[in-house]
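Note that the structure is a prediction, hence the values are computed from the model and not measured. A, B, ... follow the sequence lines: proteins, then strands. Residue 1 opens every chain. Note that these values count all heavy atoms, side chains included, but never hydrogens, waters or copies made by symmetry.
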There are 2 protein chains.
Amino acid sequence: MVADLNTTDPGFETAFAGLLAARAEHDTGVDGVVADILADVRARGDAAVIAYTQRFDRLALTPETLRLEDAAIDEAAGQVDADTMAALATAADRITRFHERQRPADIAYTDQAGVRLGQRHTPVDAVGLYVPGGKAAYPSSVLMNALPAKVAGVRRLVMTVPTPDGSLNPLVMAAARLVGVDAVYRIGGAQAIGALAFGTDGIAPVDKIVGPGNAYVASAKKQVFGVVGIDMVAGPSEILVVADAHNDPAWIAADLLSQAEHDEAAQSILITDTPAFADAVARAIEGHLATLPRADIARASWQRHGALIVVGDLTAEAPPLIDRIAPEHLELAVADPDALAARVRHAGAIFLGRHTPEAVGDYVGGPNHVLPTSRGARFSSGLGVVDFMKRTTLLGCDPDALASIGPAAVRLARAEGLPAHGLSVSLRLTRAL
Amino acid sequence: MVADLNTTDPGFETAFAGLLAARAEHDTGVDGVVADILADVRARGDAAVIAYTQRFDRLALTPETLRLEDAAIDEAAGQVDADTMAALATAADRITRFHERQRPADIAYTDQAGVRLGQRHTPVDAVGLYVPGGKAAYPSSVLMNALPAKVAGVRRLVMTVPTPDGSLNPLVMAAARLVGVDAVYRIGGAQAIGALAFGTDGIAPVDKIVGPGNAYVASAKKQVFGVVGIDMVAGPSEILVVADAHNDPAWIAADLLSQAEHDEAAQSILITDTPAFADAVARAIEGHLATLPRADIARASWQRHGALIVVGDLTAEAPPLIDRIAPEHLELAVADPDALAARVRHAGAIFLGRHTPEAVGDYVGGPNHVLPTSRGARFSSGLGVVDFMKRTTLLGCDPDALASIGPAAVRLARAEGLPAHGLSVSLRLTRAL
């Protein structure tokens, strides 16, 4: 049953809180299995990776064939038609241009005490991109994960992708070629994450691992966090559409279904100020579902996790509800979307106005489509160039500058009971004064 | 035994690799204990927090006394002498000024296709600052964790600090007052992390948790990651000093000991181009240790993890060694530190020249002293204002802009087998064209 909420109902607060809590994830016991696989890969390297690939992907590899040959990548990529290749190139170009604007500014100045201060950004050396096999292997995800790394200046970018029974996904291979991946390893699962994190004889370790994956991959990424950096552990996709009655219900219905078709665990929510419009959207969803190829998945998602929320006043009531949901994707299909967007604090990405369906941002908008789910937008961000760079701060004193600020450091070191800290400053102060 | 390495020794590579690997952390079985505590806090809330505080801190609390009264904070803070208060204020002022420079720039532009693109930053709503009890309760850490959150615009900033047997640390209370913490809860350990992450009747949940702690706290932070954001899980402190022979060995020795005195697991490394200077530093360390109050800890750290590395040519050989160590703190005590710094890719913070001891940066330099350890500088950064903000991207199309970029999205949605994605775009294209 689709949740049908109205802020004027006495039970609204309980029902809304229930909607937020319903999708909280629970550990399903994969952590132990994954820990064993990671330990085995750490201990036995390629031999363990090859054994798991045989078991899970029914693929017999050797240390020499872990890495896909360039000719095989090219052959698979060559199966993609020209129109799709052109669309991929358009997407790559637009994504690159937007992300180039994300390059952070460095800092360098000398303050009134004569202290030189700075902060600079340098790229991560080596990045591993995990690409899932099967239904979630999207070339657009390859672009969205790889291109920010390229813009950041990452030197070595490798990909792992499981190839069950040896079959390659032409679209993924084409995307890998387009972004300029340095190597593709035909492995997946926790064993791929372990190989990237710890390294093996055949696979040099990376410094950061990004990309989506199933529960085993997510657990493995969380477990190797610290050995390497990771991106967010992504949950099912979500969309929140805020729409007044001056929209075509069929458009809004398609927007809601575009997330619902991803996964039965996906969530689509509409907030509107007009009960009759909510009804019209619900009917339009049924209409689309009658003909959509992925209707089974979309219907299950919509029935289990979908919600129609009617409020009295969009301007006043929508922003606090949006912030509590902290949606991955937020569509504002209203007359003045900028005014409404300015009042939102927590959202991964915002799509402005009636002519910006979320799906255009999945592919060719330019901003990243890797976004925080499960209310993660309260504290985290979509993938960006800064995720592939790190900050180094710089501090420089000459004798006068140290004479100016050093005594306070000595005082605090003493208060904290750290005498060598104080000594390292005071030795220099004696000479400087 | 202090490791004594020379790049001309045939065994250098093996010895250096061993030095890097020796401090890799191993799970000590705390995860299970912590998981149980977190589950209990999630289920029973305040009752569980109070029970663990009774057990671990020998302190009987009620839901009403979990939060420290303002009068108690003021009374404890009032015990700090005026000179130390003035030094704390100097530190807070300098830290605030540097971090104000870290505020990120937003993005807003319209591209050639007529697509409006943007990115904006908003603060995290609520942050929990974990402050350890006992020896590692440093007021400087309170400033370093809290002030970036304040500069970012965090609305609610609360602190947890264990108070074994009820005793308060005056310096920590003074720092809490100085930065303007909204509430102080007298709890610690995994139970404090659980209370901050899940919330209890008495403690509203936060969105992000930062601050140092022991192995239980580190494990708890890692386990609640996803429910809330966390900062890096910090390991023992490290310093790498690159110094030529034109330094006073006593200064460099004090710098090395300033990290060694933190913790027996801390690591201090010297890279120099002059064997006689390395010997002189080693002797100066022994000299300092003869009189330093914390000599036991510092000596243990130096003996177990310290290293003297002699290279033939600092300019050529130091940068690649530095990058492999990826030190938390890097001191460049050479004639032209800027030139050397420019060749370093991986370091948390760099201290430039002979008159910039690392300890001045621990307190009053301005940049943050919460920095990545255990080679984390390969992929992560010191704490900063952006850690308390998140990015939201913005995308806006009018009918013409969608007509320009929409067809490529429809093509890619079709290629990926996501028909509702394509439909949400193509419905609008029909009308726009």
- Task: Heavy-atom pairs under 4.5 Å with chain A are the metric here; pick the option from A86(B), C397(B), G396(B), A408(B) that has the most.
- Result: C397(B)
- Item | Which portion of T122(B) sits near chain A, non-hydrogen atoms under 4.5 angstrom | side chain
- Taking all atoms of both residues into account, what is the closest heavy-atom pair of G365(B) and L117(A), and its distance? O-CD2, 3.4 Å
- Query: Of all of K222(A), H121(A), Q259(A), which one pairs up most often with chain B through heavy atoms under 4.5 Å apart?
  - Reply: K222(A)
- Item | A254(B) backbone acceptor or donor facing S424(A) side chain under 3.5 Å | no
- Heavy-atom pairs under 4.5 Å with chain B are the metric here; pick the option from T84(A), D398(A), V410(A) that has the most. T84(A)
- Message: Minimum heavy-atom separation for R378(A) and V206(B), please, with both atom names.
- Response: NH1-O, 4.1 Å
- Heavy-atom check, side chain of R428(B) versus side chain of D255(A), under 4.5 Å: yes
- Message: If I measure from the heavy atoms of chain A, does Q112(B) come under 4.5 Å with its side chain, its backbone, both, or neither?
- Response: side chain
- If you count heavy-atom pairs under 4.5 Å with chain B, which of G118(A), A298(A), A359(A) comes out on top? A359(A)
- Interface residue of largest heavy-atom contact number with chain A, from P104(B), G366(B), A341(B), under 4.5 Å: A341(B)
- Note on the structure: When the 4.5 angstrom heavy-atom criterion is applied to L171(A) and chain B, the contacting part is side chain
- Relative to chain B, which segment of E331(A) carries a heavy atom at a distance below 4.5 Å: side chain, backbone, both, or neither? side chain
- Task: Decide yes or no on side chain to side chain contact (heavy atoms under 4.5 Å, CB included) for R391(B) and V386(A), but give the supporting numbers first.
- Result: CA-CA 11 Å; R391(B) 309 182 296 275; V386(A) 293; 3.2 Å; yes
- Below 4.5 Å from any heavy atom of chain B, which atoms of A415(A) appear? Answer side chain, backbone, both or neither. both
- Message: Does any backbone or side-chain atom of S140(A) lie under 4.5 Å from a heavy atom of chain B? Answer side chain, backbone, both or neither.
- Response: both
- Take the angle between the ring planes of Y109(B) and F98(A) and call it parallel below 30°, perpendicular above 60°, tilted in between. parallel
- Item | Trace of the side chain to side chain contact (heavy atoms under 4.5 Å, CB included) decision for L352(B) with L394(A) | CA-CA 7 Å; L352(B) 300 164; L394(A) 299 141; 4.3 Å; yes
- Does R97(B) have any salt bridge (charged side-chain N to carboxylate O under 4.0 Å, His left out) partners at least two apart in sequence or in another chain, and if so, which? D93(B)
- Message: Give me the atom names and distance for the closest heavy-atom approach of L412(B) to Y363(A).
- Response: CB-CD2, 3.6 Å
- Message: For chain A, which candidate among D387(B), T392(B), T90(B), D111(B) shows the most heavy-atom pairs at distances under 4.5 Å?
- Response: T392(B)
- Heavy-atom pairs under 4.5 Å with chain B are the metric here; pick the option from D323(A), L371(A), D125(A) that has the most. D125(A)
- Task: Show your reasoning for whether side chain to side chain contact (heavy atoms under 4.5 Å, CB included) applies to R411(A) and V364(B).
- Result: CA-CA 11 Å; R411(A) 166 67 61 174; V364(B) 296; over 6 Å; no
- Side chain of S258(B), backbone of A420(A): donor and acceptor closer than 3.5 Å? no
- Message: Please list all pairs meeting ring pair (Phe, Tyr, Trp, His ring centres under 6.0 Å) that have one or both residues in residues 386-415 of chain B, counting only residues at least two apart or in different chains.
- Response: none
- Query: What part of I239(B) is in contact with chain A, defined as an atom under 4.5 angstrom from a non-hydrogen atom: side chain, backbone, both or neither?
  - Reply: neither
- Query: Any idea which heavy atoms bring V360(B) and G406(A) closest together, and the distance?
  - Reply: CG2-CA, 4.4 Å
- Do you know which two heavy atoms are closest between F225(A) and I230(B), and how far apart they sit? CE2-CD1, 4.4 Å
- Message: Working to the nearest 0.5 angstrom, can you tell me the gap between F351(B) CZ and T393(A) OG1?
- Response: 6.0 Å
- Note on the structure: Under 4.5 Å to a heavy atom of chain B? For H288(A) that would be side chain
- For the candidates R375(A), M232(A), K208(A), R354(A), which exhibits the highest count of non-hydrogen atom pairs separated by less than 4.5 Å from chain B? R354(A)
- Message: Please find the pair of heavy atoms, one from P367(A) and one from L395(B), that lie closest to each other, and give the distance.
- Response: CD-CD1, 4.1 Å
- Item | Toward chain B, the part of P372(A) with a non-hydrogen atom under 4.5 Å | neither
- By a 4.5 Å heavy-atom criterion (distance strictly below it), what part of L88(A) contacts chain B: side chain, backbone, both, or neither? both
- List the steps, then state whether side chain to side chain contact (heavy atoms under 4.5 Å, CB included) holds for E416(B) with D362(A). CA-CA 11 Å; E416(B) 291 189 350; D362(A) 279 339; over 6 Å; no
- Message: Does any backbone or side-chain atom of I107(A) lie under 4.5 Å from a heavy atom of chain B? Answer side chain, backbone, both or neither.
- Response: side chain
- Note on the structure: The interface call for V227(A) against chain B, heavy-atom contacts under 4.5 Å, is backbone
- Part of P419(A) lying under 4.5 Å from any heavy atom of chain B: both
- Would you give the length of the straight line joining atom CG of L292(B) to atom CG of L418(A), rounded to the nearest 0.5 angstrom? 11.0 Å
- Query: Are V344(B) and R120(A) side-chain neighbours, meaning at least one heavy-atom pair lies under 4.5 Å?
  - Reply: yes
- Distance in Å, I350(B) CD1 paired with Q119(A) CD, rounded so as to fall on 0.5 Å steps: 12.0 Å
- Flag the one option from P139(A), G226(A), A91(A) with the top tally of heavy-atom pairs under 4.5 Å to chain B. P139(A)
- Segment of R414(B) engaging chain A (4.5 angstrom heavy-atom cut-off): neither
- G348(B) backbone acceptor or donor facing K390(A) side chain under 3.5 Å: no
- Give, as side chain, backbone, both or neither, the part of A260(A) having an atom under 4.5 angstrom from any heavy atom of chain B. neither
- Message: Counting only non-hydrogen atoms closer than 4.5 Å, does I209(A) touch chain B with its backbone (N, CA, C, O), its side chain (CB onward), both, or neither?
- Response: neither
- Query: Relative to chain B, which segment of H346(A) carries a heavy atom at a distance below 4.5 Å: side chain, backbone, both, or neither?
  - Reply: both
- Picking from V124(B), V115(B), L256(B), D207(B), which has the most non-hydrogen pairs under 4.5 angstrom with chain A? D207(B)
